[in-house]
Amino acid sequence: MIKRALISVSDKRGIVDFAKELETLGIGIISTGGTAELLQKNGIKVTGISEITGFPECLDGRVKTLHPKVHAGLLAMRDNPEHMKQLSELGIEPIDMVVVNLYPFKQTILKEGVTLEEAIENIDIGGPTMLRAAAKNYRDVVVIVDPRDYGPVLEEIRKTGDVSAKTRLYLCYKVFEHTSHYDALIQQYMRSQLDEEFFPETLTLTFEKVQDMRYGENPHQKAVFYREVGNISGWLTQAEQLHGKELSFNNINDANGALELLKEFDEPAVVAVKHANPCGVGTGSDIYEAFMNAYEADKVSIFGGIVAANREIDSKTAEEMSKIFLEIVVAPSFSPEALEILKKKKNLRILSLPAIAEKSVKGYDMKKVGGGLLLQEKDDIVYDESDIKVVTKRKPTEEELRTMKFAMKVVKHVKSNAIVLAIPNRTIGIGCGQMNRITAARIAIEAGGDLCKGAVMASDAFFPFPDCVEAAYKAGVTAIIQPGGSIRDQESIDACDKYGIAMVFTGVRHFKH
């Protein structure tokens, strides 16, 4: 039977009503600090923690519950005669329920300008200790960390006078989920305060659920969307959906790819993505011109695609978007007229993301593999202008150089082996995910057609053979940008010189698997 409950919460949602119900059910309440004050103010009889311990709260509240009269009351196993005998000899009464959630460490570290000292003062010590003690003895102690569990627990007590073994085990699990998340936030924050980035010996990550998905990549796969804790304002976890069906697993994956590429551009830009690869990228003097360039890049593949833009969508652009079937349009904002036009498309998901232009924060890319996890720094450069080397007799023109840079920004985000063909302000052909580079080149050239004449070619990695140069020449490509670094670089350079093609080496490879 539950006779005494210890309540100490920072999240006070629903706690007054819950405590009143416990009191009505004849359960005595022990409390601390601000929680005790709140309950008393609402007419609930409370025994202060100092009355239990015989010791005052001290050190500005840093020490309140760290006392044998609390922890022995939690950890004593009720079916162990020796435990119960010791409690009696020591004058300690059992505590049958603990309702605790922790100091708002997350809310503290997310505040702008928070200091290390402020963060440290919001690291809870007594709370996690009580929770872990109660959860360890879950068969005898009901432990609650989540206000959403108040109702179900009360319902069980009203019906049976107790809480079932199944519910007690579930609540125990939630404690360790809660405290591990809390501790992970602390260690992540403390690591961020160190002067240098490093890969820790043991890696602990924590994420918070955004939503359950209808399914994963395919209908037979269950899926969930989680978010990081921290500065994620420029990403989908912070987007507001203004219209359309709920997002799917594939929608989120593809839209994320579109955002990653979009963040390479400062000028008005539009990125269209299909099956995690860009199918059309355009820039322009305004967002209308950028969209039309992205659309003209591949009118076929954009059908059913995801479109991301880094400027407000106006009515003129929305009119063009509405002429084709798109899954998602994500932009910093939409004019009222544009929104009215796009909302006529019943199934179109419209996402507003005001901070869409924010660049990536430092962090890691992760890839789950069987039995482990691969972790790497983000690929956060395109190339260093000072490292550019013109390796051919013919130098590229200024316009070719601008288009090369544009193409390298795109090819960085295309699955390897990757080739991108571009003319000023837009792609014309993208070859992605091929087992050899020449096939990727042929796919891009076929897509580019007659527009290849005078275009530039970008490659995510070096040319091991001159075959891509040969194909580029036949298509009419006039300039090539690639990392270089092959032991057979000279063969490609010689081929370029033979055909009057300008070639530039960046020294930076962009494999993407």
Side-chain angles (χ1 to χ4, degrees), residues 8-11 61-62 66 100-133 135 143 145-148 172-213 223-239 252-253 255-257 259-260 263 353 355-356 358-369 371-381:
S8 180
V9 293
S10 59
D11 180 354
R62 280 188 166 201
L66 296 169
V100 168
N101 46 61
L102 308 176
Y103 290 175
F105 183 79
K106 182 181 85 169
Q107 292 86 336
T108 301
I109 61 173
L110 292 180
K111 287 191 301 186
E112 195 171 336
V114 66
T115 64
L116 177 59
E117 289 70 26
E118 285 177 275
I120 285 173
E121 281 309 308
N122 279 277
I123 296 175
D124 203 326
I125 302 301
T129 308
M130 282 191 294
L131 286 175
R132 291 172 66 85
V143 56
V145 293
D146 186 347
R148 290 172 294 185
C172 165
Y173 151 74
K174 288 191 76 169
V175 164
F176 290 109
E177 178 185 69
H178 186 66
T179 56
S180 64
H181 175 59
Y182 194 79
D183 284 340
L185 285 178
I186 294 169
Q187 66 88 11
Q188 285 176 192
Y189 174 77
M190 297 308 289
R191 182 150 59 94
S192 75
Q193 299 304 297
L194 301 175
D195 292 334
E196 58 184 83
E197 289 283 323
F198 63 94
F199 294 106
E201 289 300 311
T202 59
L203 181 68
T204 305
L205 303 172
T206 188
F207 297 82
E208 296 176 341
K209 185 192 278 189
V210 177
Q211 67 188 87
D212 292 304
M213 313 302 298
V224 180
F225 184 28
Y226 290 94
R227 68 169 160 242
E228 292 179 56
V229 178
N231 179 20
I232 48 174
S233 59
W235 299 96
L236 282 178
T237 48
Q238 298 299 304
I252 290 169
N253 188 48
N256 183 70
L259 290 179
E260 287 184 337
K263 290 176 188 293
L353 184 54
I356 200 167
E358 282 188 16
K359 304 302 181 185
S360 297
V361 292
K362 276 196 172 292
Y364 301 110
D365 281 331
M366 290 173 274
K367 189 183 290 288
K368 183 73 180 75
V369 296
L373 180 76
L374 287 169
L375 193 71
Q376 65 176 349
E377 293 177 336
K378 286 184 176 179
D379 182 2
D380 59 1
I381 61 169

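Residues: numbered from 1 along the sequence shown.
The two atoms that bring I109 and A119 nearest to each other are CG2-CB, 4.0 Å, heavy atoms only. The shortest heavy-atom contact between L259 and L353 is CD1-CD2, 4.0 Å. The two residues E377 and D365 come nearest to each other via the heavy atoms O-OD2, 4.3 Å. Residue N256 comes nearest to L236 through the heavy atom pair N-CD1, 3.9 Å, listed as atom of the first residue, atom of the second, then distance. Among all heavy-atom pairs drawn from V224 and Q211, the shortest one is CG1-O, 3.4 Å. The minimum heavy-atom distance between A135 and C172, with the atom names listed, is O-SG, 3.5 Å.
With a 4.5 Å cut-off on side-chain heavy atoms, H178 and N101 count as touching. At least one side-chain heavy atom of E260 sits under 4.5 Å from a side-chain heavy atom of W235. Between Q188 and V229 the shortest side-chain heavy-atom distance does not fall below 4.5 Å. The closest side-chain heavy-atom distance from I125 to Y103 is not below 4.5 Å. Taking the side chain as every heavy atom from C-beta outward, H181 and E208 approach each other to under 4.5 Å. Using a 4.5 Å heavy-atom threshold, the side chains of R191 and F198 count as touching. Using a 4.5 Å heavy-atom cutoff, the side chains of T206 and S180 are not in contact. By the 4.5 Å heavy-atom criterion applied to side chains, R132 and F176 are counted as neighbours.
Rounding to the nearest 0.5 angstrom, the gap separating the CG atom in D183 from the CG atom in L102 is 8.5 Å. Atom CD1 of residue I252 and atom CZ of residue F225 lie 4.5 Å apart, to the nearest 0.5 angstrom. Rounded to the nearest 0.5 Å, atoms CG (D11) and CG (D146) are 8.5 Å apart. From L374, atom CG reaches atom CE of M366 across 11.5 Å, with rounding to the nearest 0.5 Å. One finds the OG1 atom of T237 at 11.0 Å from the CZ atom of F207 (value rounded to the nearest 0.5 Å). We find the CG-OH distance between L205 and Y226 to be 13.0 Å, quoted to the nearest 0.5 Å.
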For this session: Just do the side-chain hydrogen bond (donor to acceptor under 3.5 Å, both in side chains) check on T204 and Q187 with the steps written out, would you?
Result: CA-CA 8 Å; T204 305; Q187 66 88 11; 4.6 Å; no

For this session: Could you walk me through whether D124 and V100 pass side-chain contact (heavy atoms from CB on, under 4.5 Å), step by step?
Result: CA-CA 11 Å; D124 203 326; V100 168; 5.6 Å; no

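Here E228 pairs with nothing under the salt bridge (charged side-chain N to carboxylate O under 4.0 Å, His left out) rule; sequence neighbours left out.
Of the possible donor and acceptor atoms, none in the side chain of K106 sits under 3.5 Å from a partner among the backbone N and O of Y182.
With a 6.0 Å radius and a threshold of 12 heavy atoms from other residues, nucleotides or ligands, K368 has its NZ atom above the threshold. Atom OH of Y173 has 12 or fewer neighbouring heavy atoms from other residues, nucleotides or ligands inside a 6.0 Å radius.
Between Y189 and F105, the angle of the ring planes goes over 60°, which puts this pair in the perpendicular group of the 30/60° scheme.
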